[in-house]
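These notes are about the structure you will find just below.
These numbers come from a predicted model, not from an experiment.
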Amino acid sequence: PNSEGWIGQPDNIWSYPCLFASFFVGYLHWDLIWLVWHRREQHDMSAVIHHLLFISVTHFVLSGTYFKKPFAWLSFTELSTPFLNIRWFYAASNVKEGRGYFLSSLLFASTFLLTRVLGYGLGMLDLTW
């Protein structure tokens, strides 16, 4: 079978889950490096464990055709993470009064509720059908 770099695809079938998983794992690697680099200021080992588990699962999904559909909706629920990071940046910079903090908080809350409640719910329904 042909492969696209390290993303093995039988019969050279390209898929959206592999594309999104590739972007997602790139973000996770970057964020994990940031967490390790700032380990003296950030003492949250749960985030490191969370990242390592998701990186492992992502590489497992990218190695073949395993769990592509469940992985797609599970990783989609991380859509709120960039807004959380932007919100954290404003909070750490003591700029909580501005429009950016409010907007990032609103986007974080709405995407979190939409993807975590609706996304997980629909994903669980899909697994049972």
Side-chain angles (χ1 to χ4, degrees):
N2 297 330
S3 71
E4 301 172 37
W6 52 275
I7 304 173
Q9 293 292 312
D11 302 321
N12 202 21
I13 299 170
W14 181 85
S15 66
Y16 282 109
C18 279
L19 174 69
F20 295 131
S22 298
F23 285 125
F24 183 59
V25 79
Y27 168 77
L28 287 173
H29 279 105
W30 173 85
D31 203 42
L32 180 62
I33 290 168
W34 189 93
L35 286 169
V36 170
W37 185 264
H38 295 279
R39 68 186 174 277
R40 289 187 180 96
E41 301 95 38
Q42 301 287 76
H43 304 290
D44 186 11
M45 282 305 293
S46 66
V48 173
I49 293 168
H50 171 81
H51 282 56
L52 289 172
L53 286 173
F54 257 99
I55 287 169
S56 300
V57 169
T58 304
H59 281 287
F60 182 73
V61 169
L62 289 172
S63 69
T65 58
Y66 311 106
F67 308 117
K68 280 185 180 181
K69 192 172 181 184
F71 180 81
W73 64 262
L74 280 169
S75 59
F76 178 69
T77 60
E78 293 291 330
L79 181 66
S80 61
T81 303
F83 302 116
L84 176 64
N85 289 344
I86 293 167
R87 183 181 183 275
W88 173 86
F89 175 76
Y90 282 119
S93 302
N94 290 322
V95 188
K96 292 185 177 182
E97 302 301 319
R99 186 180 198 178
Y101 182 80
F102 175 77
L103 186 59
S104 61
S105 296
L106 182 66
L107 289 169
F108 167 69
S110 60
T111 56
F112 185 89
L113 289 173
L114 180 71
T115 60
R116 303 293 169 112
V117 175
L118 187 64
Y120 278 159
L122 292 174
M124 293 302 290
L125 281 175
D126 182 58
L127 287 176
T128 61
W129 294 93

Notebook entry, point to check: Hey, what do you get for OG1 (Thr111) to CG (Leu106), rounding to the nearest 0.5 Å?
Noted result: 9.5 Å

Check: Which atom names give the shortest non-hydrogen contact between Leu35 and Ala47, and what distance separates them?
Finding: CD1-CB, 3.8 Å

Checklist line | Separation of Leu53 CG from Ser46 OG (nearest 0.5 Å) | finding: 11.0 Å

Next item on the list: Measure the spacing between CG of Asn85 and CH2 of Trp34 and express it to the nearest 0.5 Å.
Entry: 8.5 Å

Margin query: For the backbone of Val25 and the side chain of His29, can you confirm whether one donor and one acceptor N or O come within less than 3.5 Å of each other?
Written below: yes

Check: When rounded to the nearest 0.5 angstrom, what distance separates OG1 in Thr77 from CG in Leu114?
Finding: 11.0 Å

Next item on the list: Report whether Val117 and Met124 are members of the same hydrophobic cluster (ILVMFWY, side-chain heavy atoms less than 4.5 Å apart, transitive linking).
Entry: no

Next item on the list: Measure the shortest side-chain to side-chain distance between Tyr101 and Val95 over non-hydrogen atoms and say whether it is less than 4.5 angstrom.
Entry: no

Margin query: Going by salt bridge (charged side-chain N to carboxylate O under 4.0 Å, His left out), name the residues that satisfy it together with Arg116, two or more places apart in sequence or in a different chain.
Written below: Glu78

Note to self: Are Phe89 and Trp37 linked, directly or through intermediate hydrophobic residues, by side-chain heavy-atom contacts shorter than 4.5 Å (ILVMFWY only)?
What the structure shows: no

Checklist line | Main-chain N/O of Leu84 paired with Arg87 side-chain donor or acceptor, under 3.5 Å | finding: no

Check: Going by heavy atoms in the side chains, are Leu107 and Phe102 under 4.5 Å from each other?
Finding: no

Next item on the list: For residues Tyr27 and Thr81, determine if any side-chain heavy atom of one lies less than 4.5 Å from a side-chain heavy atom of the other.
Entry: yes

Check: ring pair (Phe, Tyr, Trp, His ring centres under 6.0 Å) with Phe83: which residues, sequence neighbours excluded?
Finding: none

Note to self: Can you tell me how far apart CD1 (Ile55) and CG (Leu32) are? Round to the nearest 0.5 Å.
What the structure shows: 5.0 Å

Notebook entry, point to check: Given the rule that I, L, V, M, F, W and Y join up when any side-chain heavy atoms are under 4.5 Å apart, are Phe76 and Phe112 in one cluster?
Noted result: no

Checklist line | Least distance between heavy atoms, His51 atom then Asp31 atom | finding: NE2-OD2, 2.6 Å

Item checked: Tyr90 backbone acceptor or donor facing Ser93 side chain under 3.5 Å -> no

Check: Do Met45 and Leu52 sit in the same hydrophobic cluster, where Ile, Leu, Val, Met, Phe, Trp and Tyr count as joined when their side-chain heavy atoms come under 4.5 Å apart?
Finding: yes

